[in-house]
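Here is the naming used below: chain letters follow the sequence lines, and residue numbers restart at 1 for every chain.
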Amino acid sequence: MKVFLYGLLAMMILAVPCRVLAAAEDSEQSLTMQAQAGDDLFDDLYADDEDELTADPLEMVNRGVFWFNDKLYVYLLKPVAKGLRIIPQPVRSGVANIFDNLKSPLRAINSLLQLKFSQAATETGRLVVNSTLGLAGYYDPAKTYWDLNKKDEDFGQTLGYYGIGKGFYLVLPIFGASTLRDGVSMIPDGYADPLFWTVRSEVLWGLRGTNIVNRVSLDKDTYESIVKEQLDPYLFIRDAYLQKRQAKIDD
Amino acid sequence: MRVLLYSLVLLFCVSWTVNAQESVNGPKAQVQQTVDAILEQLRADSVENVDRRETISELIHAKFDFLIMAQGALGRNWKAASTEDRAHFVALFSSLLEETYLGRIQAYTDEKVSYGAEKIRKNRAVVDTFIHTASVDIPISYKLLPHDRDWLVYDVVIEEVSLIRNYRSSYATILRKKGMTGLLEEMQQKLEHLRKRNDSESEDAA
């Protein structure tokens, strides 16, 4: 209930800059967008926007890259990740936490850019506490003892917050589901990574690879079950990605 | 007389607020009962696999409104479909969704589940739940509609992704390419495939 109230409050505050921005555009549309963001839990049973969600002019190319990523996952990433499972799971979670801690600056900067000041403070607090008491981020005392929770923010979301559309759907080699907006935003995202400024590029990519494989080792075969259960995994993942990104921009 | 009236009004207010709070038959309680019961079945070693699947299936069918979900999954294509196609679709979709939901929840059998707040507005409810895995907390929300004295699930939102919206988007694309007959055929094949897999997996487990 509290979260909901805060959400409403935040939305009322946010509605002001939103409106200024939208003035140039179709103002009617921005009003319905606000209404949707506020009431999506309760209004239309299933908000009816299927056509709007699925602009995919590069579908043929995307499906090709999707196929490539599938092979990469099945024949390389997954076997290596399975091998990694000889390392006890708490250790692998700790390593995932270390990499996640390194994304705190990215989250803090983008919270700030979106005028989410208290979240920016939270992320900064998390970075300080977890880098020291949390042993370089291996543990998460900021969450455990101070209830400081992270919230995923990146440049793609910041652009979305200021009304820049997603462009169209893109499947990137290795990185997978994305959009034009989110794909381009990966470049500034990269600059917000402390590792970018501190280690050589071979080491940087090695570490990023380690992070990906480690995360796959912690996952419970999500991708495999989607492939088994869905009529067309490509469509399922496309829609899931777009829904998730929209939810993250709207929050 | 006045005192009586006041006390009646007061009583009315009190009972109303009691109802408005989380009651035994409220959406949260109902979701919790069902999810706990399913997890209990999955965790129990002594139960025969065939019985287990049947019990779980009954639990799901008692609390999921498959007709509304099937309609949601077809969206605007529901209106265009013939009566037979609709019936066929509802049957196939219910079974597919059941297998999918089971597959997902099965993966997290050993994790701790906690229940967040229930939100009720007008005649809709949302119940937040969280699966606490070693590395992350996965939010799963259940959306419900009132039905007689019960609340029935009409959508499951996993990590901010609505399952029904996801199905609708996928199915709309398949419908455009292959038509209703093509969609139903693919669903039929997928279902047979899934059942075979789930059966062999429960044999492996036994």
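Residues passing the salt bridge (charged side-chain N to carboxylate O under 4.0 Å, His left out) test with A:D219: none are found, sequence neighbours excluded.
The structure places CZ of A:F236 at 7.5 Å from OG1 of B:T100, a figure rounded to the nearest 0.5 Å. Rounded to the nearest 0.5 angstrom, A:T222 OG1 and B:I138 CD1 are separated by 7.0 Å. With rounding to the nearest 0.5 Å, the separation of OH in A:Y241 from CG in B:N166 is 14.5 Å. Rounding to the nearest 0.5 Å gives a distance of 6.0 Å between CG of A:L235 and NZ of B:K177. Here the CG atom belonging to A:L231 is positioned 6.5 Å from the CG atom belonging to B:L183, to the nearest 0.5 angstrom. Note that NZ of A:K228 and CG of B:L194 are 9.5 Å apart. Values are rounded to the nearest 0.5 Å.
A salt bridge links B:D137 and A:K143; the closest N-O separation between the charged side-chain nitrogens and carboxylate oxygens is under 4.0 Å. Salt bridge absent: B:E160 and A:K248 never bring a charged side-chain N and a carboxylate O closer than 4.0 Å.
Contacts of A:Q89 with chain B are made by side-chain atoms alone, with heavy-atom separations under 4.5 Å and no backbone atom involved. The part of B:L163 that comes within reach of chain A is its side chain, from C-beta onward, which places non-hydrogen atoms under 4.5 angstrom from that chain. Both the backbone and the side chain of A:A240 come within contact range of chain B, each with at least one heavy atom under 4.5 Å from a heavy atom of that chain.
Between A:E229 and B:E99, the closest side-chain pair of non-hydrogen atoms is not below 4.5 Å.
Within the 3.5 Å criterion, the main-chain N or O of B:S162 finds a donor-acceptor partner in the side chain of A:Q243.
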